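A short worksheet on the structure shown next.
Numbering starts at 1 and runs along the sequence shown. Small disclaimer: the values here were computed from a predicted structure and weren't measured.
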Amino acid sequence: MRIIWTMTWKELLRKRVLLLTLLLTVVFLLGFWFIAGAIGGDSASRVITGGTDNENMIQEFTLGMFILMLGFFFASFVLAFLAIFSSFSAIAGEAEQGVMQAMLPRPIPRWKWYMGRWLGYASLGVIYALILYILILWITAVHASIPRDPVVLVQAFLLFASVVPLLVTVSMFGSGYLSSVTNGVVMTMLYGAGWLGGMVGKIIGSVGLEPGPMQTLNNITGVLSLIMPADGLQRKMQAVLFSFENINGLIPVRSGPFGIGEIPSTAFFDIRGILHGCALWTRVAPLCSQGFIGSTLKFQT
């Protein structure tokens, strides 16, 4: 499994998708730096619990919160791009080309091959998420105030990075049944549907709809978020990072395209974990009873 993990990393480092992701990241961070500077002005970073009065403290907190919301809103797209397009051809592409099989020094169980690929994609994505997360916080700290509680920052990062194993699991699951191109299109549409559901949920509260249509939209957004809960993870991450329970009512953060919207419940994440754990198991379990994969055996989907 460790060999496949290492080979997956080397393969990703050679792929153009990683180079394109890095270029997009550089462009995003440069744009984010100037946007944060325009919003925050020339003020140096200040700790939220500093010696300012309550009004100034709330104003500084609101400023930093808006900049972080804006940064993580676009960062989630870059992170999803890397997770999806690095793993969408994990099985179908290997079945068509068999490049990694020819490089294996000896045959290995098929489930180890699958888990090695999964760990390779997920670990690289999480490391990238950590770098992106730190840079967004640092850029925001230069221009505004940011939360400084280490426990909160770690919890928020875990939620921010958890979208990577989620998307890799679903992408590799689809790769076992669909061609590479079809799976890439389906994954993009699924992520877009989940994002659309979250966006609709953020703005319907400020539209002023009647109870009937609003309930219908809430049901639709709930189903979309359950199918692809990436946006729900993003909203939960922001709620944890900004200590939403403490600021609710003081600062309007629910409505608007960059707002938090409705915060998913713990039961939502439990259901999401069970569903995507089943998706991973349904691919690994059949491979446990199959033979080995190596230079003389073709991997079948």
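When atom types are taken as modelled, the side chain of Q155 and the backbone of L241 share no donor-acceptor pair closer than 3.5 angstrom. Of the possible polar contacts, one joining the S123 side chain to the L119 backbone as a donor-acceptor pair under 3.5 Å is found. The closest donor-acceptor contact from the side chain of W9 to the backbone of G120 lies under 3.5 Å.
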side-chain contact (heavy atoms from CB on, under 4.5 Å) between L30 and V26: does it pass, once the steps are laid out?
CA-CA 6 Å; L30 287 175; V26 172; 4.1 Å; yes

Could you walk me through whether V126 and F157 satisfy the side-chain contact (heavy atoms from CB on, under 4.5 Å) test, starting with their C-alpha distance in whole Å, then the side-chain angles of each, then the deciding distance to 0.1 Å, before giving a yes or no?
CA-CA 10 Å; V126 169; F157 166 72; 4.2 Å; yes

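Scanning both residues, T188 and G184, for their nearest heavy atoms gives OG1-O, 2.8 Å. Residues Y133 and L153 come closest through the heavy atom pair OH-O, 2.8 Å. In plain terms, the two heavy atoms of N183 and S175 that are nearest each other are ND2-N, 3.4 Å. Looking at every heavy atom in both residues, S87 comes nearest to Y121 through CB-CD1, 3.7 Å. Scanning both residues, A144 and I67, for their nearest heavy atoms gives CB-CD1, 3.9 Å. Residues F160 and A75 approach most closely at CZ-CB, 4.3 Å, considering heavy atoms.
Grouping the Ile, Leu, Val, Met, Phe, Trp and Tyr side chains by contacts below 4.5 angstrom, directly or via other members, places I127 with L29. A continuous path of hydrophobic side-chain contacts links V154 to I131 [ILVMFWY only; heavy atoms under 4.5 Å]. In the hydrophobic cluster analysis, where Ile, Leu, Val, Met, Phe, Trp and Tyr join through side-chain heavy atoms closer than 4.5 angstrom, L63 is grouped together with W138. Note on F81 and F77: same hydrophobic cluster, where clusters join Ile, Leu, Val, Met, Phe, Trp and Tyr whose side-chain heavy atoms are under 4.5 Å apart, directly or indirectly. Hydrophobic clustering (side-chain heavy atoms under 4.5 Å, transitive across Ile, Leu, Val, Met, Phe, Trp, Tyr) keeps L20 apart from V27.
Interatomic distance, CG of L22 versus CG of L82, reported as 8.0 Å (0.5 Å rounding). Separating the CD1 atom in I134 from the CD1 atom in I139 is a distance of 12.0 Å, to the nearest 0.5 Å. For the atom pair CZ of R235 and CE of M69, the computed distance is 12.0 Å after rounding to the nearest 0.5 Å. Atom CZ of F72 sits about 4.5 Å away from atom CD1 of I136, to the nearest 0.5 Å. Taken from CG in L19 to CG in L12, the straight-line distance is 13.0 Å, to the nearest 0.5 Å. M65 contributes atom CE, which lies 14.0 Å from atom CD1 of I146 (distance to the nearest 0.5 angstrom).
Ring geometry for F73 against W195 counts as tilted: the plane angle lies between 30° and 60°, on a 0 to 90° scale. Ring planes of F28 and F32: parallel class, angle under 30° (limits at 30 and 60°). Taking the six-membered ring where the residue is Trp, F88 and F85 present perpendicular rings, their angle passing 60° and hence far from 30°.
Contact annotation: the side chain of V170 approaches that of M187 to within less than 4.5 Å [non-hydrogen atoms, C-beta and beyond]. For the pair L68/P147, a side-chain contact is recorded, criterion being any heavy-atom separation below 4.5 Å from C-beta on. H143 has its side chain out of reach of I39: every pair of non-hydrogen atoms, C-beta onward, lies at least 4.5 Å apart.
Counting only N and O atoms by type, the side chains of Y128 and T25 include a donor and acceptor under 3.5 Å apart.
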